[in-house]
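Working notes, structure below.
In each ligand, atom 1 is the first atom listed, and ligand 1 is the first ligand listed. Start at 1 with the first residue, then count along the sequence.
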Amino acid sequence: MTPRDRIVIGSDHAAFRLKEIIKHLVSTLGLDVEDVGTHSEASVDYPAIGRRVAALISTGRFQRGILLCGTGIGMSMVANRYPRVRAALCHELFAAAMSRRHNDANLLVLGGRVVGDMLAEEIVKTWLTTPFDGGRHQRRIDQLEAPLSEGNTPVA
Ligand code: RB5
C-alpha cells in the first residue's frame with residue numbers, strides 16, 4: 001500500500017471495540033480510513049455492514065478493506081459472494097502474509113471474539129505491507145472469477 005491509499009473498514013457490534021483500535025492503527029500507518037459502521041456496541045446484523053464494505057471493493061471504489069465481526073465467519077460469507085472480492089479470515093500471521101502473497105486478498109476479516117488486540121494489530125500490519133507474488137498465482141486468481149457455467153466445474 002502507498003501512503004495515499006484508502007482502506008474501507010466495517011464491523012458489527014461484536015467487534016466494534018476492535019474496529020476502533022484497528023482504525024486508529026491504520027491511520028497511524030499513514031493510510032486514510034473510511035468507516036462505514038457500526039458506530040456503537042448496539043446490536044446490528046452483520047450482513048448489512050458486510051455488504052457495504054464488499055460492494056465498495058467489488059466496484060473498485062476501494063482497493064482494500066477490513067471487516068470484523070464476532071468470529072469473522074459471517075463477514076467472510078457475506079463478502080465472498082461479491083465478484084472481485086477476495087476476503088481472507090486470518091487469525092495468525094502466516095495466513096495473513098500468504099493471503100496477500102498467493103491469494104491477493106483485498107479484504108482482511110478478523111473475529112473480535114477470537115483474536116486479542118495486539119495480535120490483531122500485528123495481523124493488520126502484516127496484511128497491509130505484504131505484496132502479491134503474482135506469476136502462477138495470478139492465473140489462479142483469474143480462475144476464481146470465471147463463471148461456473150462454462151464447463152469449468154469438475155464433477156466427481
Ligand atoms: C453476533 O452475535 C455474531 O453472530 C457475529 O458477530 C458474527 O460472529 C457472525 O458470524
Exercise. How far does CG of L144 sit from CG of D104, to the nearest 0.5 angstrom?
Worked result: 10.5 Å

Exercise. Atom NE2 of H137 and atom CZ of R100: how far apart are they, to the nearest 0.5 Å?
Worked result: 12.5 Å

Exercise. Heavy-atom contacts under 4.0 Å between D12 and ligand 1: side chain, backbone, both, or neither?
Worked result: side chain

Seminar exercise, completed: Note: C69, heavy atoms under 4.0 Å from ligand 1, region reported as both

For this session: Please answer whether the main-chain N or O of W127 pairs with a side-chain N or O of T130 as donor and acceptor at a distance below 3.5 Å.
Result: no

Exercise. By side-chain hydrogen bond (donor to acceptor under 3.5 Å, both in side chains), which residues pair with R101, not counting sequence neighbours?
Worked result: D133

Table please: side-chain donor-acceptor pairs of residues 44-57 below 3.5 Å, with sequence neighbours left out.
unit_1 : atom_1 : unit_2 : atom_2 : d
R52    : NH1    : V36    : O      : 2.6

Problem set entry | Any N or O of M75 closer than 3.5 Å to N or O of ligand 1 | no

Problem set entry | Atom indices of ligand 1, in the order listed, that fall short of 4.0 Å to a heavy atom of A14 | 6 (O)

Seminar exercise, completed: ligand 1 atoms nearer than 4.0 angstrom to some heavy atom of G70 are 5 (C), 6 (O), 7 (C), 8 (O)

For this session: Begin with the C-alpha distance, continue with both residues' side-chain angles, and end with the deciding distance and a verdict on side chain to side chain contact (heavy atoms under 4.5 Å, CB included) for E122 and L93.
Result: CA-CA 7 Å; E122 292 305 311; L93 296 173; 3.9 Å; yes

Exercise. Any idea which protein heavy atom is nearest atom 2 (O) of ligand 1, and the distance to it?
Worked result: R113 NH1, 3.3 Å

Exercise. Of all the non-hydrogen atoms in the protein, which one sits nearest to atom 10 (O) of ligand 1, and at what distance?
Worked result: G74 N, 2.9 Å

Exercise. Considering all protein heavy atoms, does one lie under 4.0 Å from atom 8 (O) of ligand 1?
Worked result: yes

